[in-house]
Structures are given as structure tokens and as C-alpha cells.
Protein chains: 2
Amino acid sequence: MTLDAVARTAGVSAATASRALNGTARVREDLRTRVLLAAERLGYIPNAHAQALASAQSSVVGVICHDVGDPYFSAIASGVMRAAAARDLMVMLASTFRAPAREVAYVSTLRAHRARAILLIGSGFEDTAWERSMAAELGPYRSSGGRVAVVSRHRSLRVDTVLPENRAGAAELARALIGLGHRDFAVLTGPPSLTTVADRLRGFRDALAEHSIRLAADQVVEGAFTREGGYAAAAELLARGLRASCVFAVTDVMAVGALAALRESGLRVPEDLSLAGFDDVPIVRDLTPPLTTVALPLVRMGETVLDLALREPRGQRSRVERIAGEVLLRGSTAPWRGGTAPPGSE
Amino acid sequence: MTLDAVARTAGVSAATASRALNGTARVREDLRTRVLLAAERLGYIPNAHAQALASAQSSVVGVICHDVGDPYFSAIASGVMRAAAARDLMVMLASTFRAPAREVAYVSTLRAHRARAILLIGSGFEDTAWERSMAAELGPYRSSGGRVAVVSRHRSLRVDTVLPENRAGAAELARALIGLGHRDFAVLTGPPSLTTVADRLRGFRDALAEHSIRLAADQVVEGAFTREGGYAAAAELLARGLRASCVFAVTDVMAVGALAALRESGLRVPEDLSLAGFDDVPIVRDLTPPLTTVALPLVRMGETVLDLALREPRGQRSRVERIAGEVLLRGSTAPWRGGTAPPGSE
DNA sequence: CTGAAAGCGCTTACAG
DNA sequence: CTGAAAGCGCTTACAG
């Protein structure tokens, strides 16, 4: 079924059929009707590739995340999908399974598909080699009209960014925890090359420093950015000898794993140990106890990043949409030792 | 950057350049090298649309699910992504947000994109009108070489299917629960037009009937297929007057909502009431108590459905890959009233 | 408003 | 093994 066939059975030229079907130009009413009818009758479906080739623009946007199976990305992706549907765009989704090289390769593939926009979800890497090759892909893409937007800080990419305030959020969380009376902390952290990890750790540390609290080196344990990573990190922390009354896992997903590990070792949360995460992925409010965390509006961030990518740029500068995190004190954190905490928090 | 430009700077014809780049035919070694070098130097990226148009085949597969934000779909999608990556295929993902009409529309769009395969994830609808329009899309697509595969039962679609044994799984769960001594059950169910809901409900009911247990009409409450749906359904059940010692939510996601509602009303799980779900989505083992459920290998199902779609069909018959569910008795279900249950289960 | 024609960037018989 | 040429199925100036 081609346009030509439709045109022929409608008794018009392909040009007219195209215009009638797409509404790109005025077409005499009766011709229009005939074309539409013919298309309907023949079950005509346009060839998106031919359209893209002829018009030099496609209706797909590319989204690259680390793993759709992770609730953080799945929530953001959900927001992107919603925004894409509203604009009649299709989404090409790629999971890198956390391999930076694959991320670059996917950008290249997305360029081949002439994606109207490319969205990088998920933390950037503080890795010069990676940045260089990523920039090498993104540069030509953008100068040929492609739009790029990212979620999270990507150091030198200079692209439109939806920027969760990781540092401020972690700092505020730390202050709230201090407000509960805690003075000894441990941190379960992720791969240090991820900007998200670096920022959260730094914010947390800075806020502790405000109160002259130091984070002992052996109380900071690194793990993979997954539930299993959180589990292993917590186990390692216990093996090293826990000297904290409160543990901060830099993501909720890690916190979930940590909770399991702590439980298995016989520790009660929050009675023996408080635990906090970051992100507020959908499930953590349903844990027992519900997890204290820094809430990010993940779905909205997904909508925003697509909007940002597609919105007409006004100048040279890349735009940054800051997203504040909201500290949610829930059941997984308790006042220290039965509550010597001051009433007003902080 | 076009193929022609590469060919020209390499001093060969476009045909040769194409063959060298794609490895589709033998090319004299020195020419091949020159082409590859030229492409590299020019930063050549092929136009996937032109390739698809000229070769009449694309390298994308389409996936339609209800909502990527839901852990069930996100896990399956993760499996699809992995399988797609292994085959160097890109995935076009669509979320219908549970609107059947949108599902049909997406199939049409995917046809326009000449997707090599279309995967329908998520339950079918027992709705004749829907089936008719879906079949009207799928038929022409398949006879023009498109592959289709689905997860879950889609009544009359006659396509390759990854079929979780919902009925058998729910029946086995019921037997295990009866084995714990329970005799009074309530069910939190989803939209009855979904085949998944119908099958699970039926399997559960049938197994109860084997033991002459009837499910009272007012103890079966319908809710949306979401956490909120489960929450509301549980609340409604309580409002009607709970007369069960064990509640079965037809999906884990609903069970999570139900657990919250039960808790809020002051009921303890499993001391006052046992609760079970279905699917074993990643989080439920981390709930407190961990949820009893029927485990489905979701990620593997995602891999399987893509493999199935792409595997060369051998005959006319559609293939069915049955997936057994494994009953996992965890902490959310307890023996009835302190355990009159027989030792061996069942 | 309508149509003939060129062109989008590739691939692939078809000759050589 | 290599190249000239046709063709994939559209869109869109350009005339009329």
C-alpha cells in the first residue's frame, strides 16, 4: 500500500494525496474526501521512513537510561512517555546496563535514526575520556539541528539540563538527621565517577561539617548502584564495624538492599539504627518502616526533560531546570537514643 | 554527511562504499580500507531511514505496554531491552496508560515505522470490539512479514505467546493457602475484562472449589490494576465487612496498596490477616512482612517474547511458551489461627 | 488549488 | 570485484 496507490484510486496526484492526508495544504474538499476514503478503504499506512527521508525530520525521540528495570529510571521514563504521547512522538528507548561505552554507541545509533531529540537520563560520568567521545557525538548532532537534554549533572556537556539538587538535598537531609540528634553517620555510596554520587556525598558531608561532624573514612562504603550493591555495602559496613547511629544510602534502591542486610544481621531499623535514602522511588513509602528520603518528582522530571529538549532555544546558553528535593522524614529514622533532639528539628 | 561524500573522498562508487561499510559483499582490501578511513574521518553516520527504505527492512522492534512506570512492565521491558541489545535492535517503546484504543493506535504507528516485530506486553482484553480492531491491524502487518508476539493470553489474536500460567499459578497458591489452614478468603481483583484477571480469579476459585470452599460475592472486590486500586479495593473490602482470614490480590502491585490500607485500619499482617499477591515484582520480597506470591520470571519473559517473535516460524500454528509460576510462601501469610495446618502443606 | 518532477540517502540487481 | 542506474515511498518547491 503506497501513497501512489491511494492517489490512483482517488484519481488525484500523489502530491494532492499527500497534502490531503497530512493537511499540509489546502485541498479542494471533494478531492480531500476521496483521498481519505481511498486511504481508509485500502488500509493505507504511510511509510515513516520515506516520510522522514523526504521531509528530513522524524517523529521519534531517543531516550538513553541505565536500566529501565530500575524504579528510578522507570519512573522518569514513564514521565517521558507521557510527554511524548502528548506531542505525538514515538520514543526509542535504550538501556546501557551501566556501560558508558554503550551510552555513546546508542547516541550514534539514535543519530542514524535522525531522532528529533536525544535524552540522557541518569547520572553523568566524571570521566574525561567518556566526556570527550560523548561530546564528539553530541556536537555534530546538535549542530545539525538535533536537540539534547539530560537529567542530572553532566559536567562539560553544556546541554539543557533537568538538575535535581542533589547536593542541597543531601545537605538538607543531613541537617534533618542531625536535628534528630544523630552525630555518627555512615554512608553507603555508589560508583564515585557518577556525578550524582559525588554531589550527594559532598552535600551530605558539607552539612555535617557545618556541625563539625566528620565522616570517618571507613564508614563510607562503596557499592554498585543497585539493590544488591546496597546489600553488599551494608554488609561490608557491618564487617568493618558499625560506628554510626544513622546510615545514609545515596539512593533509595541501595537503601532497600541495605535494609535487608541490616535486618538479616539482627539490627532493628530504626530502633538500633536509622536509615535514609534518596529519590523517593514509588515503593519506599511502603516499606516497613517507610523510608526517610529526599523526594524527587521523578515522573515530572521525565516530562520536563522532554519539554526542555523540544522547547525552542532562546540563546546560546544551555538552560537548567533545577529540581528541589524534599526531605521526607519517615519511620526509618528515629531520634537518637530515645530523643534528645530539639523539638523544632534542625 | 552522506554515503556519496564518503565514496567520493574514498575515490569509489557509492555502491562500493555501501558494500564496504556494511560488509554485504567482498570488496578489494585497499578500497575497503579507504572507505572505512573516509567514513571515520568525515564522521559519517548512515541515515537509517534511507537504509530502511532502500532495503525494505528496519532494525527496530516495537513494544507496547500499559505503563513502563509499573514494576511488572518495567521488569519485562528490561528483559526485552537485553534481548534487543544482543541482536543489535533498537526498541520503540509505547505506554498506553491502559487505554485499549491507544494500544491499537500504537500498533498502527509501529507499522508505519516498519518495525520488524511488535510485542504486546500485558494482558489482553476480553472485548470483541477491541479484538476486531486489533486483528485488523495485526493481520495486514503479519501478512506483509511483520512478526508479532505477546505476553499473556490474548484470546483470538492467534499470535506467538509467552503465556504465564495464571490459572494454574493461582490455583496452586490457593492450595498452599488452604494448606496453611485458611478456609475463608477474599480477593482483590482488577478490571474483569483483562484476561490476566479472569484467569487468576478462575484458577483461585477452582482450587477453592476442590475443597468445597466458596468465595462470597461480597468478598471479591474490584479495583484498578495499580497500587491505588489495591488500596481502594482493600478499603472497600473492610467497609463491606471482612469475613476472611486470607486475602488474595491478583497482582503484587495491588497487594502493596492493600497492605497499606490494611495497616492503616489497624490490622496486622499476617497475625490478623494473611495477604498474598501474584508476579513477584522485584520489591515485594523487601516488604515487611515479605509478600507471599506466585513468582514469574519477568525479565526472562521479556527476553523470551522477543526471541519468540524473531524466531523463524515453522508452520502455521502460533507457538506458545508456557511460563510456570512458582508459589513463594513468605511472611505475609501465616497458618490460620496458630496453625492447625497439616505438616506437609496441601 | 493541482500536478509533474526532482530529490531525500541509501541498497541491490544487473552488466561488465 | 566494481560501478551506473534504478528504485524504495514519500514531500515539496516550482509552474500553472
Side-chain angles (χ1 to χ4, degrees), chain A residues 1-36 38-39 42-60 108-109 111-116 140-141 144-146, chain B residues 1-36 38-39 42-60 108-109 111-116 140-141 144-146:
Chain A
M1 253 326 76
T2 68
L3 219 215
D4 262 312
V6 173
R8 215 170 310 122
T9 94
V12 300
S13 72
T16 297
S18 169
R19 293 193 269 249
L21 254 12
N22 299 316
T24 49
R26 234 162 239 323
V27 170
R28 218 172 63 210
E29 191 51 31
D30 56 325
L31 295 190
R32 213 181 69 87
T33 318
R34 262 155 52 194
V35 170
L36 265 32
L42 298 176
Y44 170 68
I45 295 216
N47 184 318
H49 297 299
Q51 292 182 311
L53 191 57
S55 67
Q57 61 156 314
S58 91
S59 55
V60 349
S108 181
T109 304
R111 287 179 64 194
H113 284 275
R114 301 299 185 264
R116 184 179 301 189
Y141 173 66
S144 70
Chain B
M1 252 331 74
T2 66
L3 218 214
D4 262 313
V6 173
R8 217 170 311 122
T9 93
V12 300
S13 71
T16 297
S18 169
R19 293 192 270 248
L21 254 12
N22 299 315
T24 48
R26 235 162 236 323
V27 171
R28 218 171 63 210
E29 192 49 33
D30 57 323
L31 296 190
R32 213 181 70 86
T33 318
R34 261 152 59 191
V35 171
L36 264 32
L42 298 177
Y44 170 68
I45 295 216
N47 184 319
H49 297 299
Q51 292 183 309
L53 192 57
S55 68
Q57 60 157 316
S58 92
S59 55
V60 348
S108 181
T109 303
R111 287 179 63 193
H113 284 274
R114 300 299 185 262
R116 182 178 302 188
Y141 173 67
S144 70

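Given the structure is predicted, the values throughout are model-derived calculations rather than measurements.
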Check: [Y] main-chain N/O paired with [X] side-chain donor or acceptor under 3.5 Å:
X        : Y        : value
A:Arg34  : A:Ala10  : yes
B:Tyr141 : B:Ala115 : yes
A:Ser58  : A:Arg114 : yes
B:Ser18  : B:Ala14  : no

* Between B:Leu53 and B:Arg28, name the one whose nearest nucleotide on DNA chain D is closer to the 5' end. => B:Arg28
* To do: Starting from the 5' end of DNA chain D, give me the residue, A:Thr24 or B:Asp30, whose nearest nucleotide shows up first.
  => B:Asp30
* Going by the angle between their ring planes, with limits at 30° and 60°, are A:His113 and B:His49 parallel, tilted or perpendicular? -> perpendicular
Which one, [options], comes nearest to the side chain of [X]?
X       : options                : result
A:Ser55 : D:dT11, C:dT11, C:dC8  : D:dT11
A:Tyr44 : D:dT11, C:dG9, D:dC10  : D:dC10
B:Leu3  : D:dC1, C:dC10, D:dC10  : C:dC10
B:Ser13 : D:dA4, C:dG9, D:dC10   : D:dA4
B:Thr2  : C:dT11, C:dC10, D:dC10 : C:dC10

* To do: Could you check A:Arg26 against A:Ala15 and say which one's nearest nucleotide on DNA chain C is further toward the 5' end?
  => A:Arg26
Would you mind reading off the distance between [X] atom [atom1] and [N] atom [atom2], rounded to a whole angstrom?
X        : N      : atom1 : atom2 : value
A:Asp4   : C:dA5  : CG    : P     : 13 Å
A:Arg114 : D:dT11 : CZ    : C1'   : 17 Å
A:Met1   : D:dC10 : CE    : C1'   : 15 Å
A:Ile45  : D:dC10 : CD1   : P     : 11 Å
B:Leu21  : C:dT12 : CG    : C1'   : 16 Å
A:Leu42  : D:dG9  : CG    : P     : 15 Å
B:His49  : C:dG7  : NE2   : C1'   : 16 Å
A:Asn22  : D:dG9  : CG    : C1'   : 13 Å

* Measuring from B:Tyr44:OH to B:Leu36:CG, what's the distance to the nearest 0.5 Å? -> 12.0 Å
* **Any A:Asn47 side-chain N or O less than 4.0 Å from OP1/OP2 of D:dC8** => no
* **Below 4.0 Å: OP1/OP2 of D:dC10 and any side-chain N or O of A:Ser18** => no
* Complementary nucleotide of C:dG3, counting Watson-Crick and G-U pairs under 3.5 Å -> D:dC14
* Using the P atoms only, state how far C:dC1 lies from C:dA5, rounded to an integer number of Å. => 23 Å
* Side-chain donor or acceptor of B:Arg19 under 3.5 Å from a matching atom on the base of D:dG3? -> yes
* Could you tell me whether A:Ala56 contacts a base, only the sugar-phosphate backbone, or nothing, with contacts defined as non-hydrogen atoms closer than 4.0 Å? => nothing
